[in-house]
Amino acid sequence: ASDSAAKKAIQAKIKEEKKAIFNDLSEKHPGLSSATAKKEAVRLLKKVGIKDAEKRFRDYPFQYSGGMRQRVMIAMALACEPDILFCDEATSALDPQTTRSILNLIKDIQKKMNLTVVMITHQMEVVRDSCDYVAVLDNGKVEAASRSRNYGAGVRILKGLQSVYGYTNDVTKDSLLKIATDLANSFTGERVLTVETLKTKKAKNIHTRTMPLKDVSVEDKIAYLKRADKVLAEYDPRIIRRQVSFNNYEKKVVIFSTKGYEFVDCKERGRVAVLAVAAEEGKIETSFNGPGASAGFEWFLNEMNIEEVALKTAKTAITMLGAKECPSGIMPVVIGNGFGGVIFHEACGHSLEGTSVSKKLSVFSDSLGKQIASPIVTAIDDGTISNGWGSNNIDDEGNPTQKTVLIKDGVCTSFLLDDFTGRRIGMKGNGACRRQSYKYEPTSRMSNTYIAPGKNTPEEIIAATKLGLYAAS
C-alpha cells in the first residue's frame with residue numbers, strides 16, 4: 001500500500017512539473033495548443049541531435065544518457081527563443097567524446113541561429129576548444145590566457161542538385177585523395193569535369209588593420225580588459241560578479257575550385273565580452289555586451305570605448321533589479337536601431353537564404369517581385385563593409401562578397417545564394433556562401449544585415465504611436 005501511495009505521489013509530482021513547463025511555454029508563446037507545443041518540442045529535439053525524437057518525446061530523464069540530457073536542456077533553452085544562450089557547466093561530468101559532441105552542437109547552433117553564447121565553465125580545455133585566443137578577467141583576477149590551433153580540409157563534390165561532403169584533419173596527399181575517391185563513389189556515371197591547372201587568386205583585403213590581434217601581447221590585452229573591470233567594480237556594490245574577456249582568431253583559408261582557381265584568404269576577428277551579475281533581496285539579474293569586429297586592435301582602442309560598454313552593462317544589470325514587468329498584449333512596437341537589425345535577421349533574414357528558399361521551405365520562396373513588407377522598408381545584406389563583424393573578402397566558394405538589396409520599398413528583390421543553392425532556382429550565387437569550419441559543408445548565410453534609413457525621425461515615429469511598446473537597442 002505504501003509503495004502504491006508513493007507511486008501516486010511521484011506521478012502527481014511529474015504531472016505538476018509537466019504542467020508548469022507547459023505554462024512557461026504558453027507564457028512565452030501565447031495561444032500555443034498542446035499539439036503544437038509537442039510538434040515544436042519534437043522539432044527542437046531533432047535540432048539538437050536526438051534520434052527518433054517522436055518516439056523518445058515521452059521518455060523520462062533517467063532513460064537518457066548524460067550527453068542526451070544536456071542536448072535536451074539546450075533544446076529547452078532554444079524553446080525560449082533566446083538572443084543569448086548561457087551554457088553553465090554544459091559539459092561537466094561528461095566523458096571527452098561526449099564533451100566534444102556537445103561543444104560542436106553549441107558551436108553549430110551559435111552559427112546557424114546567430115546567437116551569443118556565454119560559456120560558464122571551470123574546464124579550460126572547453127574554453128580552448130571554443131576560441132583561438134582567450135584572456136579572461138573574473139572579478140578583477142586573471143583566470144586564463146590561452147591559445148589553441150586547429151586545421152583540416154573539407155571536400156565537396158556536386159552533381160546536378162546533389163552534393164556530398166567529407167572532411168579530415170589529415171591533410172596529406174594520400175588522405176585527401178582517399179576522401180575525394182570515397183565521396184566520388186557516391187555517384188554513378190562518368191566524370192563530367194576535369195581541371196588541368198589552377199591559377200592562384202589572392203583575395204583583395206577590404207579590412208584595414210594597423211595592429212594585428214595576433215601581434216598584441218597578453219599583457220596589453222589584460223590591461224585593456226582591466227579598464228572595463230574597473231568600471232564594473234566601482235559602479236554599484238550590488239554587482240556581485242563581473243567578467244570581462246577578449247577572444248580573437250585568425251583563419252587562413254585556401255579554396256580549390258573547379259572554376260580553375262586556387263583562392264587564398266586570411267580572416268581575423270576579435271570580440272570583447274562584458275558580463276555583470278547583480279543581486280538584491282534574492283533577485284538576480286544578468287547583463288551582457290559583446291562588441292566585435294573584423295579588425296585589428298586599433299579598432300578596440302579607437303573605435304570602441306570599452307569603458308562605455310562596461311558602463312552600459314553595469315547600468316542594465318542594476319536597472320533590471322527594479323524593473324517592472326513588461327506590459328503584454330497586442331500593440332504597435334517601435335524598435336530602436338541595432339535591436340531592429342537583430343529582429344530582421346532572425347524573423348526574415350534566414351528565410352531569405354538560399355538554403356531554405358531553394359527547397360521551397362521558406363515563406364518567401366515564391367516572393368521575388370512581390371510586396372512582402374511595408375513600402376517604407378528596404379532591407380540589405382552587405383558583406384563588403386570594411387571591418388564589419390560579418391564581412392569577408394571572399395565567400396567560401398571563392399566569390400567576392402557583395403552588397404545585396406533583399407527588399408526594396410517593400411518588394412522582395414533578391415535572395416542570399418551560394419552557387420550550389422542557386423542551381424535549384426536558376427540564379428547565380430551572390431557571394432553569400434559560408435561554412436563554420438572545415439568540418440561543415442558550405443551553405444548560404446547572411447553577413448551584415450540591416451534596414452536602410454527611412455524618411456521619418458525616431459521622434460516622429462514615436463509621436464505617431466498613440467499607445468505602444470518602445471524596444472530600445
Leu301 CG: over 12 foreign heavy atoms closer than 6.0 Å: yes
Test salt bridge (charged side-chain N to carboxylate O under 4.0 Å, His left out) applied to Asp59 and Arg69, step by step: CA-CA 11 Å; Asp59 285 356; Arg69 287 197 292 270; over 6 Å; no
Please list, one pair per line, the donor and acceptor atoms closer than 3.5 Å that link side chains of residues 255-263 to other protein atoms, with sequence neighbours excluded.
| residue | atom | partner | partner atom | Å |
| --- | --- | --- | --- | --- |
| Ser257 | OG | Lys259 | N | 3.0 |
| Lys259 | NZ | Asn399 | OD1 | 2.7 |
| Lys259 | NZ | Asp419 | OD2 | 2.9 |
| Glu262 | OE1 | Thr200 | OG1 | 3.2 |

Residues that Thr197 engages under side-chain contact (heavy atoms from CB on, under 4.5 Å), provided they are two or more places apart: none
Lys39 with Glu54: basic N within carboxylate O range, under 4.0 Å: no
Lys267 atom NZ: more than 12 heavy-atom contacts under 6.0 Å: yes
Residues which pass side chain to side chain donor-acceptor pair (under 3.5 Å) with Asp366, listed by chain and number, not counting sequence neighbours: Lys360
Sequence neighbours excluded - side-chain hydrogen bond (donor to acceptor under 3.5 Å, both in side chains) pairs with any residue from residues 288-306: Thr210-Glu298, Arg269-Ser294, Asn289-Thr313
Which residues share a side-chain contact (heavy atoms from CB on, under 4.5 Å) with Lys202, sequence neighbours left out: none
Candidate pair Ile306 and Tyr224, rule side chain to side chain contact (heavy atoms under 4.5 Å, CB included), full reasoning: CA-CA 8 Å; Ile306 195 169; Tyr224 178 72; 3.4 Å; yes
Sequence neighbours excluded, every pair satisfying side-chain hydrogen bond (donor to acceptor under 3.5 Å, both in side chains) that has a member inside residues 178-189: Lys178-Asp182
Residues, nucleotides or ligands: over 12 heavy atoms within 6.0 Å of Met73 CE: no
Phe300 ring center within less than 6.0 Å of Phe246 ring center: yes
Main-chain N/O of Ala79 paired with Glu40 side-chain donor or acceptor, under 3.5 Å: no
Candidates Lys221, Glu268, Lys214 - the one meeting side chain to side chain donor-acceptor pair (under 3.5 Å) with Asn248: Lys221
